[in-house]
There are 2 protein chains.
Amino acid sequence: MDEKSRIPRPTAKRLTLYFRQIRTLAAAGRKTINSRQLGAALGLTGAQVRKDLACFGQFGHPGVGYQIPSLHEQLRQLLGRDRTWNAVLVGAGNIGRALLSYDRFSSEDFRIVAVCDADPSLVGSEWGGREVLAMDRIESAVHEHDAKLGIIAVPDHAAQQVADLLVEAGIEGILNFSPRRLDVDETVSISSVDFTRSLEQLAFQISFGVSGTEEDE
Amino acid sequence: MDEKSRIPRPTAKRLTLYFRQIRTLAAAGRKTINSRQLGAALGLTGAQVRKDLACFGQFGHPGVGYQIPSLHEQLRQLLGRDRTWNAVLVGAGNIGRALLSYDRFSSEDFRIVAVCDADPSLVGSEWGGREVLAMDRIESAVHEHDAKLGIIAVPDHAAQQVADLLVEAGIEGILNFSPRRLDVDETVSISSVDFTRSLEQLAFQISFGVSGTEEDE
DNA sequence: TTTTGTGAAACGCTTCACAGCG
DNA sequence: CGCTGTGAAGCGTTTCACAAAA
């Protein structure tokens, strides 16, 4: 009942999975689901699901399960999905351009509102309908669009420098595609997507024969 | 001393980080490092580093630390990085094309040796110097290049189907860029790169104000 | 000295099991 | 009945702290 009590990190990570599942079920018009069914779809136990959801209040109904429309709306607000998240992308290389073409980033949930790059030959060109801006335009872009998110898709050696610029511009969260560990102020959230590391992990698992085949999720 | 004893999952995940750091130090010509220094560079404690490395034998020298060249070579073999890993990429869309242009996948460590796509209008075209093959060529491509890795970069709804094809072709590890949970044989390793989820996580952390800002690593 | 390798303690998360509610 | 919410037990990982080695 105490909404302020600390949320276990693993629970926080699973919340997005619950939301996806519930959103799909809601769209399909289903009305209720119990903890065991919800967990089974995600490879989790019923107890796990109940413990996780109980962190945020009493959503369930004994003997029935969870009301899907209600749970959907509660999770939506909890996860901050009741608004649009604007993001500034830094780096118009291979990865950056792929992200610009990715329709998920032009949705009403998440939107890339500006692109910056250090390469003068790219500045002024257009990708995915957005003009590439110079690096010194990061701050103005963040303010102009009230962007809360920054996406780093630059070469490794420039990652920390770009992170500093984004933080200084007032960004609150960074999605980092570089393999570098970023050192930023504690108030800024970071989520790293290091697929080089994922690959390296695979190579290890195969050659060493580590038992468990799946990863955290 | 018992090389067969089970390795904790978190330890396995950190191994690649140690290797990267040691490789850099080795290239710089440094000879020794102690556990505290190695850990500090990665945001870990000295005790953590020692426990992790001790899983694989007695690498360190009391009063001195770890010999970098020797540790580098040991980790290299342990992680299977003493050979080239060939991968078959499935999906020549935005993400797939970005991966093809990514020089890390044309290195001597990891190499994309073939590209397949279901879209007939893409088959036969060339991306990053590689011809796009039809889906029914997956199996022959895997065998021809002795590929151990498969990379899934197709639309969500096709992910499981492609995974089945890859497993049937004899692939041993899958790098999955779709947000779908793949159901495969236990002997196949899976590593997922779900940056949509990373984004969603960021949105939650910012709007809810979750304390810890960093993630697992 | 310095620093490793390692039992033992501490911690955090998951699973169990059941009281209580519909 | 069926199912939730939750204290308590169980389990895996991290941290501590120190004997032993150089």
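Just so you know, these numbers use all the heavy atoms, side chains as well, and skip hydrogens, waters and symmetry mates. Letters go in sequence order (proteins before strands), and every chain restarts at 1.
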Point to revise | Contact under 4.0 Å: B:Tyr66 side-chain N or O vs C:dT2 OP1/OP2 | key: no

Review point. Take atom CD in A:Glu73; do more than 12 heavy atoms of anything else shown fall under 6.0 Å from it?
Key: yes

Review point. Once you round it to whole Å, what is the distance between P of C:dT6 and CZ of B:Phe56?
Key: 14 Å

Exercise for review: Flag the pair B:Ile112 / B:Leu100 as yes when at least one side-chain heavy-atom distance between them is below 4.5 Å, and no otherwise.
Suggested key: yes

Review point. Could you give all pairs that pass the side-chain hydrogen bond (donor to acceptor under 3.5 Å, both in side chains) test and reach residues 45-57 of chain B, with sequence neighbours left out?
Key: B:Thr11-B:Asp52, B:Arg14-B:Asp52, B:Tyr18-B:Asp52, B:Ser35-B:Arg50

Check your understanding: What's the CZ-P distance between B:Arg6 and D:dG12, to the nearest Å?
Key -> 8 Å

Check your understanding: Atom CZ of B:Arg36 to atom C1' of C:dT4: distance rounded to whole Å?
Key -> 13 Å

Review point. Between atom CD in B:Gln37 and atom C1' in C:dT3, what is the gap in whole Å?
Key: 11 Å

Review point. Once you round it to whole Å, what is the distance between P of D:dG5 and CG of A:Leu53?
Key: 8 Å

Study note, to complete from the structure: Applying ring-ring contact (aromatic ring centres under 6.0 Å, His included) to A:Phe177 and not counting sequence neighbours gives B:Phe195

Exercise for review: Provide, to the nearest angstrom, the distance between the CZ atom belonging to A:Phe59 and the P atom belonging to D:dT6.
Suggested key: 12 Å

Practice item. Report the distance from atom CD of B:Gln67 to atom C1' of D:dA21, rounded to the nearest whole Å. Key: 15 Å

Exercise for review: Check the distance between D:dT14's P and B:Leu42's CG and give it to me in whole angstrom.
Suggested key: 14 Å

Practice item. Considering non-hydrogen atoms only, spot the tightest contact between A:Glu168 and A:Glu139 and give its length. Key: O-OE2, 3.9 Å

Practice item. Calculate, to the nearest 0.5 Å, the distance between atoms CG and CZ belonging to B:Leu182 and B:Arg180 respectively. Key: 9.5 Å

Exercise for review: Sugar-phosphate atoms are those with a prime plus P, OP1 and OP2; base atoms are the rest. Using that split, label each nucleotide of nucleotides 14-22 of chain C B, S or - for protein heavy atoms under 4.0 Å, 5' to 3'.
Suggested key: SB-B--BBS

